[in-house]
J.: 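Let me begin by handing over the structure; questions about it come next.
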Amino acid sequence: MNAPQTMIPQANPGAGYQAQKGAIDAAVQRALGSGWYILGQEGEAFEREFAAWLGTTRAVGCANGTDALALILRGLGIGEGMAVATVSHTAVATVAAIEMVGAVPLLLDIDPDTYTMDAEELASVLEDPPPGLPPIRAAIAVHLYGQACELDPMLEAAATAGVALIEDCAQCHGATLHGRKLGTFGAASAFSLYPTKNLGALGDGGVLATDDFELADRIAAIRQYGWKERYISSLVGVNSRLDEVQAAILRVKLTALDAGNARRREIAAAYDAALAGGPLAPPVRREDAEHVFHQYVLRSPHRNDLMARLKGMGIGTGIHYPVPVHLQSAYRDRVPLGPAGCAETARAAQEVFSLPMYPELTDPQVEQICAALRSLAG
Ligand SMILES: *Cc1c(COP(=O)(O)O)cnc(C)c1O
C-alpha cells in the first residue's frame, strides 16, 4: 500500500487553535489593546477561573510547568542539602525542576501496568533512605499520560515521614481519583500549559495550585523577584511570570477543556474496541479514577516495526519517553536511584509508543486509525 498523502500527526496543537479561532483571536486583541502585558487582569482572571475549575482556593500563574514545580519547591523551602523523590519515567522537566532549586533528585521505578511511581518503593526509601543521600524532604508524584498515580499509599507514606507530596499534573488536567480532581490532594500541584497539554497555551505557560494561602502568597512573590511590594524584594525570588496574551488565550481554552477530555475518552474507547482480541493490550485504567488520555500508550517488544507499519498507513506515533532520565547523558551515573534501580523504567522505555490523541481528531481519522489497529492484529 502506498503511504497516504496526509499523515495524521500524533499531536496537533494548531488544531486546538483553529477549533476556537474566533474567541482566541478576540481574546488576544483584548489583551493587546489593554496596554498591560505581564501580570494583569487577564492573568488574575485566569488564576481565579482555573482555581474554581480545579477546586482549590488558589492558583498562581507562571512561565511554564517546570517553573511551577520549582516554585512550589522554593515556596516550601526545599533546596540545597535536601533530596526530592520522583520517577525517572517522566518528562525531564520533573527532574530538572528539582535540580533547579539545588536539591538532589532520587529516581524511583514505576509500576509496569500504569507507568507511574512504585508506591512501595517510595514508602521504603522514606522509611529507610539510601545511604549518603541528603534527607528526603518532598516527593513529586507524576500523574503520567493522564491518569492518577497510586496516590493513596504515597500520601500516607509522605504524611508518615513528614515530607511534602507535590503533584506533577502536567499531563492530567481534569483527571480524577475517587471523584476528586488530581491536583487537589497534595501540598500543591504544578500544571504545564505547554501547547500540546490537555490545557495548552499558544506558547509557554504554567500554573500551580494549592489550598494553602500563605504558600500561594509566598510563591506569588517568589515568581517576581520576591516582591510583595513593587521594587522591594522581601524574599529571594526569580522571574517566572505568565503573560497577559497567554492568560487571555488560556481563559478561552479552559472553557473547552472538559469537552476536550470527554472527546479524548471517546477516542480512547474507539481504540480499545479496535484492539480487542489482538495482541496489543489497551492502557490499564486505575480503579475509581477517570483518565483524561493526555497520551494513549501501547506497549510491544516489536514497537519499531509497529510504528513503521502505522506510518505506512498514514498514522503518526510518538514515544513518551525514548530514554529514561536516569540513562540520559546529563544524568546517568550521577543522579541517585532507588533500590529497584529503575529496571521497569528501562524496560518500558524500550517498548512504549503513543497513538494520535487530541480532541480535534475527526471521526473519519479515528476510524482510519482503528482500521489500521485492526490490521496490525491480522
Ligand atoms: C510537560 C511536562 C512538564 C513541564 O512542563 P513545561 O511547561 O514544558 O515546562 C513537567 N512534567 C511533566 C510530566 C510534563 O509532561
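Scope of the values below: all heavy atoms of this structure, side chains included, with no hydrogens, waters or symmetry mates. One-based numbering, in listed order, for ligands and for the atoms of each.
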J.: Just checking, any donor-acceptor pair under 3.5 angstrom between side chains of Thr56 and Asp211?
T.: no
J.: Do Val142 and Tyr145 land in one hydrophobic cluster if side-chain heavy atoms of ILVMFWY residues count as linked below 4.5 Å?
T.: yes
J.: For atom 2 (C) of ligand 1, which protein heavy atom lies nearest, and how many Å away is it?
T.: Lys197 NZ, 2.6 Å
J.: At less than 4.0 angstrom from any non-hydrogen atom of Asn64, what atoms of ligand 1 do you find?
T.: 7 (O), 9 (O)
J.: Below 30° counts as parallel, above 60° as perpendicular, anything between as tilted: where do the rings of Phe293 and His291 land?
T.: parallel
J.: On a heavy-atom basis, I'd like to know which of Ser192, Cys169, Ala170 is closest to atom 8 (O) of ligand 1.
T.: Ser192
J.: Does Leu76 form a side chain to side chain contact (heavy atoms under 4.5 Å, CB included) with Ile166? I'd like the steps, not just the answer.
T.: CA-CA 10 Å; Leu76 291 170; Ile166 298 163; 3.8 Å; yes
J.: With atoms numbered from 1 as shown, which atoms in ligand 1 lie under 4.0 angstrom from a non-hydrogen atom of Gly65?
T.: 5 (O), 6 (P), 7 (O), 9 (O)
J.: Under 4.0 Å from any heavy atom of Thr94, which atoms of ligand 1 are there?
T.: 11 (N)
J.: Check the pair Glu42 / Gln246 against side chain to side chain donor-acceptor pair (under 3.5 Å), numbers first and verdict last.
T.: CA-CA 9 Å; Glu42 298 289 344; Gln246 295 305 332; over 6 Å; no
J.: Atom 3 (C) of ligand 1: which of Ala68, Ala93, Gly200 has the nearest heavy atom?
T.: Ala93
J.: Please report which non-hydrogen protein atom sits nearest to atom 11 (N) of ligand 1, along with the residue it belongs to and the distance in Å to one decimal place.
T.: Asp168 OD2, 2.8 Å
J.: Using atom types as modelled and distance alone, determine if a side-chain donor or acceptor of Lys181 lies under 3.5 Å from a backbone N or O of Trp53.
T.: yes
J.: Would you mind telling me if ligand 1 is within reach of the side chain of Thr66, the backbone, both or neither, using heavy atoms under 4.0 Å?
T.: both
J.: Please determine whether side chain to side chain donor-acceptor pair (under 3.5 Å) holds for the pair Gln147 and Arg285, giving the CA-CA distance in whole Å, both sets of side-chain angles, and the decisive distance to 0.1 Å.
T.: CA-CA 8 Å; Gln147 93 171 322; Arg285 269 70 150 186; over 6 Å; no
J.: For Thr90, take its heavy atoms, then give the atoms of ligand 1 lying under 4.0 Å from any of them.
T.: 13 (C)
